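These numbers come from a predicted model, not from an experiment. Sequence lines set the chain letters: A, B, ... in the order given, protein chains first and strands last, and positions in each chain run from 1.
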Amino acid sequence: MIGALSASVVKHGWRSVRSGGLPFFFAVLMTALGMFSLTAFGTVLWNFRALARAVGESVAAVAFLKVDDAAAAEETRARIQLTPGVESATLMTPEEALQRARRGLSGSAALQASAGLTMPWVVEVVPRFSLEDGESARLELVQRIGALDGVDEVLHPGGELKRIDALLRLLHGAGLFLAVLIVLVVVVVVSNAVRLTVLVRKDEIAIQKLVGASDAFVALPLLLSGVVQGTLGAVIALVTSGIAHASLARVVRVALSGALGTFTLDPLPWWILACVIVGGALLGAVGALLSVARFLRTSS
Amino acid sequence: MIGALSASVVKHGWRSVRSGGLPFFFAVLMTALGMFSLTAFGTVLWNFRALARAVGESVAAVAFLKVDDAAAAEETRARIQLTPGVESATLMTPEEALQRARRGLSGSAALQASAGLTMPWVVEVVPRFSLEDGESARLELVQRIGALDGVDEVLHPGGELKRIDALLRLLHGAGLFLAVLIVLVVVVVVSNAVRLTVLVRKDEIAIQKLVGASDAFVALPLLLSGVVQGTLGAVIALVTSGIAHASLARVVRVALSGALGTFTLDPLPWWILACVIVGGALLGAVGALLSVARFLRTSS
Amino acid sequence: MIELYHVGKVYPGADRPALDDVNLSIGKSEFIILAGASGAGKSTLLRLLFCAEQASSGQVILQGKNLARLSRHEMAKARRSIGVVFQDFKLLPALSVLDNIALALEVQGLSRDDVVRRCLKVLNEVGLSHKTHQPIAALSGGEQQRVAIARALVVEPAVLLCDEPTGNLDAERAREVMELLITAHVRGTTVVVATHDPALLSGGRRRVVALDQGRIAHDAPAAAARRSDQRFDAA
Amino acid sequence: MIELYHVGKVYPGADRPALDDVNLSIGKSEFIILAGASGAGKSTLLRLLFCAEQASSGQVILQGKNLARLSRHEMAKARRSIGVVFQDFKLLPALSVLDNIALALEVQGLSRDDVVRRCLKVLNEVGLSHKTHQPIAALSGGEQQRVAIARALVVEPAVLLCDEPTGNLDAERAREVMELLITAHVRGTTVVVATHDPALLSGGRRRVVALDQGRIAHDAPAAAARRSDQRFDAA
Ligand SMILES: Nc1ncnc2c1ncn2[C@@H]1O[C@H](COP(=O)(O)OP(=O)(O)OP(=O)(O)O)[C@@H](O)[C@H]1O
Ligand SMILES: Nc1ncnc2c1ncn2[C@@H]1O[C@H](COP(=O)(O)OP(=O)(O)OP(=O)(O)O)[C@@H](O)[C@H]1O
Ligand SMILES: [Mg+2]
Ligand SMILES: [Mg+2]
């Protein structure tokens with residue numbers, strides 16, 4: 001009896017998928033679009049953190065040491081390395097520092113005088129980059145390093161960092177806003193699509209009720225079709241974004257790699273993809289549940 | 001006759017709006033969401049160009065002059081100003097230049113030696129910024145300025161610019177991609193929503209055909225309801241984005257102003273808003289037309 | 001008025017033709033009863049006259065026009081001069097009685113006042129004035145059938161096609177409806193009524209065309225009460 | 001089996017009650033004909049028995065249960081033991097004949113094999129075996145009516161409610177359908193048939209309950225052919 005009933009539920013679910021016609025494909029399409037946007041955005045966000053890290057690391061601070069020999073310099077470097085908030089600290093000999101200064105001190109007018117220049121030992125400090133830390137955290141780090149034994153002075157490229165920071169913040173903010181919008185749209189679209197399926201099938205449901213169908217008998221196929229809608233949408237979205245990724249990744253790499261070192265657009269990890277599919281199914285189920293519940297209440 | 005017929009068309013249009021029920025409000029909602037996304041994105045893009053300009057202008061090149069007096073320096077500045085691709089050129093006396101060098105030559109290790117530094121006359125050059133110009137255009141500009149009489153050497157902050165450039169490019173690319181996606185979604189959603197209205201009203205339309213309604217009599221009310229859907233959606237979108245703008249503009253200004261000078265999030269100009277409304281109405285009409293045409297063909 | 005030459009109709013996927021070599025000539029202002037068992041092809045024949053289906057073979061001529069050759073526009077125009085009572089009524093359950101009947105007039109571009117006036121008149125004739133603003137869903141089966149008849153009559157059609165117009169009516173109501181049809185007939189309308197109602201068939205005062213499995217089984221001209229404005233017709 | 005005590009029904013927005021102080025007792029395995037003019041309240045009474053409407057006043061008892069007190073679940077269960085032929089058929093035009101009939105059995109959780117077997121059997125009984133896989137929309141009015149009857153019979157119901165089951169059938173078909181109903185009756189089913197068909201009313205071999213404007217006008221016990229398994233009932 002239970003077996004036959006559930007077979008019949010599956011059959012009716014499949015029929016409602018088949019006969020759902022336009023609203024069904026509409027729902028699948030919309031779910032796919034929404035999920036695709038989410039995935040695409042997720043990929044950007046995912047890689048955005050990598051991007052942010054790359055940008056952050058390329059903006060190093062420089063500590064000038066007041067030491068005389070390599071051993072003392074190495075000791076100071078080690079001490080800087082251990083300071084909280086420091087990602088890495090690299091030692092440069094005075095010669096290397098002078099080379100660097102000669103080579104690429106862009107934005108500086110001091111090159112003119114560099115012929116008669118002498119340099120101290122220098123440590124290049126890469127701060128641990130995080131978007132959440134404000135300007136003050138960074139200043140504090142500079143002061144902390146400056147207070148260390150053997151460190152003469154610390155310079156850090158405030159202006160440049162601030163500017164990139166602001167851009168990254170903007171990206172992040174706009175991104176969150178977009179994400180919320182997309183999730184809202186997907187929920188509304190899917191639940192409405194299922195409601196439309198119910199609307200289109202309302203004659204059939206009315207007759208089922210007349211011949212004595214229980215609420216479960218009516219609701220389960222609709223729920224099933226909602227889940228199928230959501231899952232199908234999610235799968236299509238993943239396939240599409242896979243294709244998009246394959247074709248776009250090269251473009252993005254070529255466009256960005258010059259400036260920021262090798263930058264690759266990684267695909268999302270498998271567990272996020274799994275979440276997208278489960279999320280699609282859930283969205284479909286919730287949408288179906290909402291509209292079916294409302295429908296059962298109003299019809300008798 | 002024509003008068004009565006058009007009155008009847010309006011009446012039927014209104015009835016199809018009223019009886020459209022769920023699909024109608026669904027369509028309006030979806031159009032509103034789509035249009036809202038478009039408007040929000042448009043605002044970002046609109047202000048993004050301002051942002052890009054601000055970023056671009058803050059990244060100046062520096063020309064060192066080989067002149068001795070203020071008059072010759074001013075003459076050279078004027079010549080630089082006239083070079084194509086130069087947005088502005090500002091003269092600095094050697095003393096000012098030295099001050100600048102002492103103050104904020106961040107990322108440079110040359111400060112140590114600046115005590116014995118002498119500076120020439122300096123012109124700060126702001127290139128006309130545009131995203132489309134590549135690195136080569138900028139190099140060409142530097143060379144062109146460097147070749148001018150009285151100019152000794154031109155330095156420009158290549159690395160920093162490249163980095164910001166890459167970010168801006170990314171934003172722009174992702175933005176275009178999103179815009180295309182949103183337009184697609186809006187078109188699909190609206191045309192499907194009208195198709196669903198047709199689906200829900202198909203009994204009524206079938207009976208109208210049976211009692212001798214002409215194609216126009218059937219199609220015009222549907223077209224009207226499509227236009228109403230689209231327009232209503234666009235208006236709702238504009239109102240919503242107006243509210244969103246009012247509440248977000250302050251936040252954005254506060255977040256960005258520190259780094260990039262006073263940066264305000266301007267609203268879109270009125271003619272773009274008008275385009276959004278007309279676009280909504282058009283989308284609705286096109287969606288309606290497509291589905292009505294298809295429907296008239298299949299039913300007799 | 002109506003001429004059928006060797007008309008056949010085979011529905012796609014059907015095992016046998018619904019109509020088979022039907023020849024029929026109906027004069028202007030005739031009153032014809034179309035008899036036949038369930039599935040004999042009565043509704044199919046009416047659907048052909050109403051351009052709801054195309055004949056598979058043969059020719060259907062209505063008011064001098066070959067229905068197979070009508071453009072969409074001409075077809076719509078032709079339908080406006082035909083009143084049809086459908087076997088399943090084809091009413092809109094959510095709309096009021098008035099709006100359902102008004103549909104047939106609005107399509108012709110009449111002003112709202114004219115539409116309402118004529119609707120109320122015909123509603124009065126079918127005895128449903130008290131239901132004017134009720135939705136169709138709130139009517140009994142017989143009341144719905146009378147609304148369907150009212151919608152067919154309201155356009156004062158040149159041809160009136162009635163498919164089982166008294167199936168849901170008691171004897172009393174059925175007689176009233178038949179009188180309405182006869183009134184229309186007297187005004188000059190060509191009336192074709194498909195029915196199994198023995199009360200309508202009996203008496204022999206009307207021309208009865210009987211269908212059997214898609215063929216005309218017999219075609220008995222009216223024995224008596226033949227009206228002067230009726231032409232004789234070669235069957 | 002079925003008891004109505006002072007039952008009244010006023011539809012919201014209606015000018016007069018559709019049923020007014022109706023008292024009726026129908027015994028197990030009785031065969032009742034519900035007569036009355038169009039709009040008398042026949043369908044309304046059947047709708048009350050079927051829980052499609054709630055009585056405005058009075059009590060409706062079916063198989064010992066007060067219908068006003070049933071939970072949604074109990075109501076669904078009660079409906080599974082009732083077969084109904086609706087006046088407007090309530091079939092799904094897009095589904096096949098088989099699927100339409102199967103609906104009534106699927107709801108009960110039968111296996112597909114059982115469902116198909118019983119559907120084919122009942123389709124054979126109503127003479128529509130050759131239409132099994134046709135969509136309802138491709139059937140004539142009378143054929144659709146027989147599908148509706150088949151769907152009511154297929155569940156082998158304890159109570160069979162038929163609203164105008166022969167309105168679209170010719171005399172021959174109508175007699176066949178009546179014989180099906182009588183067969184069910186002989187098997188022990190309580191049958192209530194609402195009709196205006198004079199052929200069904202005449203003869204006086206069945207108990208006829210006549211409604212007039214929502215009130216019981218007369219209730220004539222069957223004059224002859226009373227079956228042994230029928231109880232006498234106080235009207
Ligand atoms: N759309 C269709 N597709 C396939 N077959 C059809 C279609 N419509 C009708 N038929 C078949 O054609 C035959 C004649 O149908 P029609 O509706 O003309 O009968 P009828 O004389 O009106 O019968 P009734 O009195 O029962 O209404 C029937 O066997 C029917 O099943
Ligand atoms: N849902 C409803 N809302 C309001 N009034 C209704 C509703 N259903 C029926 N009525 C009214 O109640 C009265 C009785 O209707 P009912 O359908 O019971 O008549 P009936 O005896 O079945 O008539 P028929 O033989 O024409 O089918 C009619 O006047 C009808 O208009
Ligand atoms: Mg028929
Ligand atoms: Mg009734």
Side-chain angles (χ1 to χ4, degrees), chain C residues 11-16 18 35-44 46-47 86-89 91 93 96 126-128 130-131 133-146 163-174 176-177 194-199 201 210-212 214, chain D residues 11-16 18 35-44 46-47 86-89 91 93 96 126-128 130-131 133-146 163-164 166-174 176-177 194-199 201-202 210-212 214:
Chain C
Y11 287 106
D15 38 356
R16 58 170 191 82
S38 172
K42 303 181 297 296
S43 301
T44 301
L46 295 185
R47 273 204 284 274
F86 295 95
Q87 194 167 10
D88 55 356
F89 312 159
L91 300 171
S96 72
V126 298
L128 281 178
H130 58 297
K131 298 284 182 188
H133 298 290
Q134 296 262 354
I136 292 294
L139 262 53
S140 81
E143 288 161 351
Q144 292 184 22
Q145 190 151 45
R146 281 179 281 155
D163 201 349
E164 205 66 61
T166 58
N168 285 275
L169 297 178
D170 50 290
E172 173 76 5
R173 291 293 187 196
E176 285 174 27
V177 162
T195 190
H196 340 89
D197 194 337
L201 292 176
L211 284 173
D212 184 29
Chain D
Y11 287 106
D15 39 357
R16 58 172 192 79
S38 172
K42 303 181 295 296
S43 300
T44 302
L46 294 185
R47 273 204 285 273
F86 296 94
Q87 195 167 7
D88 55 355
F89 312 159
L91 300 171
S96 72
V126 299
L128 282 177
H130 57 299
K131 297 284 182 186
H133 297 290
Q134 295 262 354
I136 292 294
L139 262 53
S140 80
E143 287 161 350
Q144 290 184 21
Q145 191 152 42
R146 280 179 283 157
D163 201 350
E164 205 66 61
T166 58
N168 285 275
L169 298 179
D170 51 291
E172 173 76 7
R173 292 293 186 194
E176 285 173 25
V177 163
T195 191
H196 340 90
D197 193 336
L201 292 175
S202 63
L211 283 174
D212 184 26

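Contacts of Gln134(D) with chain C are made by side-chain atoms alone, with heavy-atom separations under 4.5 Å and no backbone atom involved. Contact of Glu172(D) with chain C is not made at all, since no heavy-atom distance falls under 4.5 Å. In this structure, no portion of Asp88(D) lies under 4.5 Å from any heavy atom of chain C.
Annotation: side chain of Ser38(D) is in contact with side chain of Ser140(C) (closest heavy-atom distance under 4.5 Å).
Partners of Thr166(C) by side-chain hydrogen bond (donor to acceptor under 3.5 Å, both in side chains), not counting sequence neighbours, listed by chain and number: Asp197(C).
Panel note: side chain Asp170(D), backbone His196(C); no donor-acceptor pair is recorded below 3.5 Å.
Rounded to the nearest 0.5 Å, atoms NE2 (His130(D)) and CG (Asp15(C)) are 6.0 Å apart.
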